[in-house]
Amino acid sequence: MPGWLRRWSTERGDPYVVCLVRALVGGLLVYEAGRRVVELATFGFFGAVFHIPLWPEALVPSLPLYAVMLFVEIGLGALIGLGLWPREALLASSALGLYLLGCDRVQYHNNRYALLVFAFLLAFSPCDARVTLRRRAATSGAEPLWAQRLAQLQVCIIYLASGGSKLLDADWRGGLVLGDRLLRYGPVAVSIGVPAALVDWLAQPAIAEVLSKAAIATELGLVFALFHPRLRALALWWGVMFHLTIEVTSKVDIFTWLTLSMYALFAAPETRERVVEFGPAGRRWAKLVTLLDWLHRFEHRPRAAPGDASPSVQLVDRDGRVAVGLDAWVLAARTLPLLFPFWVPLSCAARLRARISPSVVARATGPGP
Amino acid sequence: MGSAVPMESSRPTARICFAIAFLAAQAWLIGTGARLPDRLFAFQMFNESSTIEIHLARRVRAGASQKEIPLQAGTWEVADAQGGTRKLRFRDRVRNPTLSTLDRPVHASYGVDAQLFRLARALDDAAAHDPDPELIAFVADVDVRRNGRPRERVHIESQPR
């Protein structure tokens, strides 16, 4: 058996992150099922009107059964979110959801299908170990990660399918699709404050072609970069910006939030490998880090020694490097999900400062006029 | 209390087999889905920026001949059992917002081919549920703009009754 295959199938680690993702998926499942309850109330039962089932018509549920199924889906989503028998609930939820998806292909959406596929994969992960109302029996703390890695691979499969289909489409490569989209929705963008000149510029055929190639390169590049250790953090940042841009400019239902939730799986499983050290004056900042430290990257270490001349708060990275000031902000942005979109700009600012700082210091300490 | 789903297998081989089966299923679904008109399970996001504008008519018997009667605001009238008429709406059977918006351009979600595939089936459904014995078929003339190209017209008819 190849070494990488053996490593993948036997790898163990801290399951906290996959448990957190499970809770998020539970929330999304509740939201999706709730939305279909609203659709049922607003538009009526799909089975009584035109629909195109994948299954034989006899397998399409009746209205009462469909309504029950929707509420069962909400219940399953709640169990998943709360960590109560989440693995069984994930399996049941994905099976029920896929069955209902097949009852009317007119209602098919990629984001719904993706959510159900991820729910299926997470059912095989140790996602019931933490972030749960129910205590599991004590374990070593290291759980199998193979299903989490498979879910990561599923993220890349989606990028490969989406980017690959665009690469094979001459209209997409040539910028026709994006150009037309920018032209048609330009007035909407202008009405919400985007400068008209910018919208017009973006819709130019040459610019649209460049943007199209960039979009294709992004999706296909992420397939590989997300699994490359040195490129992963940058790939995650670029992916976050890519999806946030799509979210702002298009209607994609839950897909942005589903993908960003799955991005958390790419964080290292080990938790509390970094430290936030703080004195009494830095307690508020430390609290802020606590609030935003959804992935449990930091251990908190208050400094009790009086008269300590150290900064009020400092972050210590995995390798022992101490970060204060702007460098601390860079480390915080790299590790705290809500600040992650600012990581690259802050990192660039820190590098720029490191370049100009020596000359500033030299001017300050050099010979006088 | 243990989970009913196996938490851990002492057999990495089982995990490898599971992964192979899962990936093979994904590859098959994506490959076949890409060839379907509505791209089911193929994860093709934003595949087109196209619009369709559906114009509907009903072809009915008129004595020895036939005539096509355009729908008015998506409605038509049929005789009822009491000798009067009642109004039917295309939207009564076809609830999908893209397919039931008539006589104005709408975004073709998942592409033109997906919407034409669904429309053809919708016309069959509407015809099958139309109580008018004189109905022969539903007829759609669809103005298609594929990715901003010049408009082209596609003609679709339901199965004749």
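Here is the naming used below: chain letters follow the sequence lines, and residue numbers restart at 1 for every chain.
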Just checking [X]: does its [atom1] atom have more than 12 heavy atoms from other residues, nucleotides or ligands closer to it than 6.0 angstrom?
| X | atom1 | answer |
| --- | --- | --- |
| A:Arg35 | CZ | yes |
| B:Arg61 | CZ | yes |
| B:Arg104 | CZ | no |

Side chain, backbone, both or neither: which part of [X] has a non-hydrogen atom closer than 4.5 Å to chain B?
| X | answer |
| --- | --- |
| A:Ala48 | backbone |
| A:Leu178 | neither |
| A:Arg184 | side chain |
| A:Leu101 | side chain |
| A:Leu90 | neither |
| A:Gln154 | side chain |
| A:Leu176 | both |
| A:Tyr185 | side chain |

For [X], which atoms come within 4.5 Å of any heavy atom of chain A: side chain, backbone, both, or neither?
| X | answer |
| --- | --- |
| B:Ser50 | backbone |
| B:Asn96 | side chain |
| B:His129 | neither |
| B:Leu40 | both |
| B:Leu29 | side chain |
| B:Arg145 | neither |
| B:Glu48 | backbone |
| B:Tyr110 | side chain |
| B:Asp124 | neither |

From [X] atom [atom1] to [Y] atom [atom2], the distance as rounded to the nearest 0.5 Å:
| X | Y | atom1 | atom2 | value |
| --- | --- | --- | --- | --- |
| B:Phe46 | A:Asn110 | CZ | CG | 10.0 Å |
| A:Arg105 | B:Phe117 | CZ | CZ | 4.0 Å |
| B:Arg121 | A:Phe50 | CZ | CZ | 7.0 Å |
| B:Arg95 | A:Phe43 | CZ | CZ | 9.5 Å |
| B:Phe18 | A:Trp146 | CZ | CH2 | 5.0 Å |
| B:Arg118 | A:His51 | CZ | NE2 | 14.0 Å |

Top of [options] for chain B proximity - count of heavy-atom pairs under 4.5 angstrom:
| options | value |
| --- | --- |
| A:Thr10, A:Leu160, A:Ile52 | A:Ile52 |
| A:Leu54, A:Leu150, A:Val106 | A:Val106 |
| A:Trp8, A:Tyr113, A:Phe46 | A:Tyr113 |

Discussion item. Looking at A:Arg181 and B:Ser49, would you say the former's side chain and the latter's main chain have a donor-acceptor pair under 3.5 Å?
Written reply: no
Is there a side-chain contact between [X] and [Y], using heavy atoms and a 4.5 Å cut-off?
| X | Y | value |
| --- | --- | --- |
| A:Ile158 | B:Met45 | yes |
| B:Arg15 | A:Pro144 | yes |
| B:Gln44 | A:Asp169 | no |
| B:Phe22 | A:Val117 | yes |

Looking only at heavy atoms, the pair that brings B:Asn47 and A:Val177 closest together is O-CG2, 4.1 Å
Minimal heavy-atom distance between A:Ala161 and B:Ala42, with the atoms involved, is CB-O, 3.5 Å
Residues A:Asp171, B:Arg146: salt bridge by 4.0 Å N-O rule: no
